[in-house]
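Labels below follow one simple rule: chain letters A, B, ... track the order of the sequence lines, proteins then strands, and each chain is numbered from 1. Heavy atoms only: backbone and side chains are in, while hydrogens, waters and symmetry mates are out.
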Amino acid sequence: DAGVTQSPTHLIKTRGQQVTLRCSPKSGHDTVSWYQQALGQGPQFIFQYYEEEERQRGNFPDRFSGHQFPNYSSELNVNALLLGDSALYLCASSTREGTSGRLGSTDTQYFGPGTRLTVL
Amino acid sequence: GDSVTQMEGPVTLSEEAFLTINCTYTATGYPSLFWYVQYPGEGLQLLLKATKADDKGSNKGFEATYRKETTSFHLEKGSVQVSDSAVYFCALSGWTGNQFYFGTGTSLTVIP
């Protein structure tokens, strides 16, 4: 059973450029969340996708956008890159409980290995 | 808002020593609590979780008990090994939200 996969592993960009990161969720999972982990810090929630829609968003600017495809995979796009966007970007997958469509508080998120983005 | 406060690191222990990493939380309602571990160069792996008060999560010799009265979820292990060297993150999943809130992480180094 494949876990959460992310690509690419590493990426180097320059300020002002745009980047796209990709994530495939764990088999059977329909919800994808994205996190930014700066060096020496805990992951910070960017947003979550379910049924191809953004369901919740953390405190990140509109330069950060995403997409979810019918097969549940997801992309994270960052425009107008800043030096401060250098970080490890983590994708996590999970599944919604019951029929409420809400991610239950008991649900575990499974993380991919991350994409290391360096902005020069 | 919901948040997690985690013991500052780094922590260095000798092999077979007892480990405690403190974690306290602030949350409305009834959050679930998690410990994740991150090995060098890797993503986060779930170590254990507890979904209601007084639950004890356990895995690989690690334990943590969900204490609502003290809003804590401290991680413990009776005898650490060199292979336990990693960064440990405490996290909560809020009752009303869809996101996880993470602590800043505690780096553990176990020396032979």
Here the disulfide (SG to SG under 2.5 Å) pairs for residues 25-86 of chain B, sequence neighbours left out, are none

H29(A)-Y110(A) aromatic ring centre distance below 6.0 Å: yes

Hydrophobic side-chain clustering at under 4.5 Å (ILVMFWY, transitive links): who's grouped with V32(A)? Put none if nobody. L11(A), V19(A), L21(A), W34(A), I46(A), F47(A), Y49(A), F60(A), F64(A), L76(A), V78(A), L81(A), L83(A), Y89(A), L117(A), V119(A)

Give me the other members of the hydrophobic cluster that L120(A) sits in, counting Ile, Leu, Val, Met, Phe, Trp and Tyr linked by side-chain heavy atoms under 4.5 Å, directly or via other members. I12(A)

Quick test of your reading of the model: are E63(B) and K56(B) salt-bridged, counting only N-O distances below 4.0 Å? yes

Under 4.5 Å heavy-atom distance to chain A, tell me which part of Q38(B) shows up: side chain, backbone, both or neither. side chain

Would you please go through residues 102-112 of chain B and name the residues with a non-hydrogen atom below 4.5 Å from one of chain A, in numerical order? F102(B), G103(B), T104(B)

Under 4.5 Å to a heavy atom of chain B? For Q6(A) that would be neither

Do F89(B) and Y36(B) make the cut of ring centroids closer than 6.0 angstrom? no

If you draw a 6.0 Å radius around CD in E16(B), do more than 12 non-hydrogen atoms from other residues or ligands fall strictly inside? no

Between L44(B) and chain A, with a heavy-atom cut-off of 4.5 Å, which part of the residue counts as in contact: side chain, backbone, both or neither? both

